[in-house]
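Here's the structure, in structure tokens; my notes come after.
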There are 2 protein chains.
Amino acid sequence: MDAENAGRADQVETNSGTAIDTIYRELRRRIIDGIYLPEQKLKIEHLRAGFQVSSSTVREALTRLTSDHLVTAEEHRGFRVTPMSMADLEDLTQARIVLECAVLRDSINNATEDWELRLVGAYQRLTRAETKLLHDGASFDTWEECNRVFHDALAANAHSVWLKRLRQLLFQQSERYRRLSSTVATSRAEVHAEHMAIFEAAIAHDAERATALLHDHVWRAANVIRDNTALRKALDKGPERRGSSK
Amino acid sequence: MDAENAGRADQVETNSGTAIDTIYRELRRRIIDGIYLPEQKLKIEHLRAGFQVSSSTVREALTRLTSDHLVTAEEHRGFRVTPMSMADLEDLTQARIVLECAVLRDSINNATEDWELRLVGAYQRLTRAETKLLHDGASFDTWEECNRVFHDALAANAHSVWLKRLRQLLFQQSERYRRLSSTVATSRAEVHAEHMAIFEAAIAHDAERATALLHDHVWRAANVIRDNTALRKALDKGPERRGSSK
DNA sequence: ATATAAAAAATTATCGACAAAAATCGCACC
DNA sequence: GGTGCGATTTTTGTCGATAATTTTTTATAT
């Protein structure tokens with residue numbers, strides 16, 4: 001029996017704009033947060049009933065999620081949460097390294113006053129969140145938010161809108177895996193040291209050093225999962241073979 | 001008065017799969033081929049009537065096109081063809097260089113017998129198309145197809161599915177601009193020489209040389225537009241300010 | 001003439017119903 | 001016990017209508 005995730009009267013308010021957009025965001029959140037599991041079927045009728053909207057609305061929200069590659073559609077057999085796997089994580093990591101580094105290098109080479117100010121702010125907030133997390137005073141959600149803002153700030157100054165857009169896509173994708181690795185005791189202090197080093201190199205306009213550090217940072221994040229037998233198996237063996245979302 | 005593009009009973013057959021998919025593909029073709037111009041409004045009702053399908057079908061096809069970034073949606077004011085500009089071309093070119101080179105390097109480093117065979121085939125077909133094009137014997141469409149297949153073949157052997165996926169996205173995006181530059185007399189012979197050089201470096205497993213050549217190849221393709229005053233102006237000044245698709 | 005506001009028209013977003021296809025079940029048969 | 005086949009149920013894809021919103025037009029005052 002598999003209930004507890006999704007289903008009964010989960011009324012989403014957020015009256016921001018169209019219904020489609022509201023549903024889209026809520027579904028995205030649930031997928032990234034792992035409320036809907038990889039490969040889980042996302043049935044129109046079920047979601048429609050839960051959100052109290054029309055089938056078309058759900059359908060369009062799901063179609064939008066396929067852009068983010070969080071949902072996969074197959075003709076005549078509906079939508080499901082995009083699978084996760086060790087292979088995908090390796091692949092994603094490689095792609096992220098290419099994009100994150102390209103974007104950071106560009107950011108540094110075009111460094112401006114405004115950018116550095118923004119970066120300092122993001123770094124300070126991240127530092128606070130990471131210090132609190134060490135002393136068990138803050139939630140993982142808060143840290144994740146600060147982490148995202150910090151990495152966005154690193155990228156923000158790059159010229160190419162396209163590179164930034166693609167980087168964002170991959171970063172979002174990696175959030176699902178980060179969520180996974182948060183379940184094991186990972187060395188917070190090391191992660192913070194990495195962030196500090198990257199920050200300092202960026203502020204010093206040392207593009208070579210900064211990208212090298214970022215490269216390792218992204219790589220090590222994947223290592224947390226790679227080195228943990230339980231997680232590795234959870235990813236490849238049993239991605240909770242629950243087909244229905246009922 | 002602006003007719004001649006889109007409108008009267010354009011019945012699309014292609015009975016492959018769902019109606020949404022058929023419409024999606026046809027719209028994509030028309031946007032890339034420039035039948036629908038940048039910034040042109042894509043009205044649901046108009047398209048619905050033209051294709052003889054329901055509004056929902058058109059709507060979903062348009063939503064899918066936003067994944068490809070060929071169509072841009074704005075809340076409560078519908079869909080329009082994504083704009084083109086000189087700035088976007090510069091940006092896109094920079095991003096393409098990063099991805100095309102990363103992918104080619106990976107392809108070469110993992111070189112296999114099968115891949116080389118495929119590459120040779122693609123190169124030979126491209127050579128034939130380019131030779132014919134020089135003597136005015138083949139259509140631009142045929143060349144474009146061969147060019148795409150050749151560049152796909154270069155990328156095909158890379159490990160990272162993500163990098164390949166993103167490369168594909170950008171390549172498709174660049175097709176719109178390539179279409180534009182086909183209107184001016186560009187030096188076909190030079191382009192062919194570039195293709196040959198890249199091909200030879202790839203077959204020789206010289207990743208450094210191959211990526212350097214590919215870098216220049218992508219850059220020069222942008223130059224064709226950059227160096228042509230008429231095209232440059234057409235892009236930024238008057239993207240044919242025809243709002244309605246009526 | 002020009003600006004402003006109300007009314008009309010056009011367009012998009014949402015709905016619920018129905019048709020088409022896939023998955024599931026029940027039963028004969030090996 | 002398993003295996004193929006047809007009927008039933010579930011789920012997806014498509015439709016056309018209506019509500020909500022934006023754009024255009026018309027009317028009115030400055």
Between the side chains of B/Thr72 and B/Thr82, is a donor N or O closer than 3.5 angstrom to an acceptor N or O? yes
Are B/Asp91 and A/Ser160 close enough that a side-chain donor and a side-chain acceptor fall under 3.5 Å? yes
One character per nucleotide, please: for nucleotides 14-22 of chain D, 5' to 3', B when the base has a protein heavy atom closer than 4.0 Å, S when only the sugar-phosphate does, - otherwise. BBBB---SS
Atom-to-atom span, NZ of A/Lys43 to P of D/dT10 - whole angstrom: 10 Å
Just verifying a value: how many Å separate B/Arg167 CZ and A/Leu166 CG, rounded to the nearest 0.5 Å? 13.0 Å
Provide, to the nearest angstrom, the distance between the CD atom belonging to B/Glu45 and the P atom belonging to C/dA9. 17 Å
Run A/Val81 and A/Glu39 through side chain to side chain contact (heavy atoms under 4.5 Å, CB included) and show every step you take. CA-CA 5 Å; A/Val81 179; A/Glu39 296 181 53; over 6 Å; no
Take B/Phe140 and B/Arg179 through the side chain to side chain contact (heavy atoms under 4.5 Å, CB included) test and state the conclusion after the steps. CA-CA 9 Å; B/Phe140 180 75; B/Arg179 200 38 72 175; 3.7 Å; yes
Measure CG/B/Leu47 against C1'/C/dT11 and give the value in whole Å, please. 13 Å
Phosphate OP1/OP2 of D/dT12 contacted by A/Lys41 side-chain N/O (<4.0 Å): yes
From CG of B/Leu42 over to P of C/dT11, roughly how many Å is that when rounded to an integer? 13 Å
Tell me: NE2 of B/His46 to P of C/dT12, nearest whole Å? 12 Å
Distance in angstrom units between A/Ile23 CD1 and C/dT14 P, rounded: 9 Å
Ring geometry between B/Trp162 and A/His69 (parallel below 30°, tilted from 30 to 60°, perpendicular above 60°): perpendicular
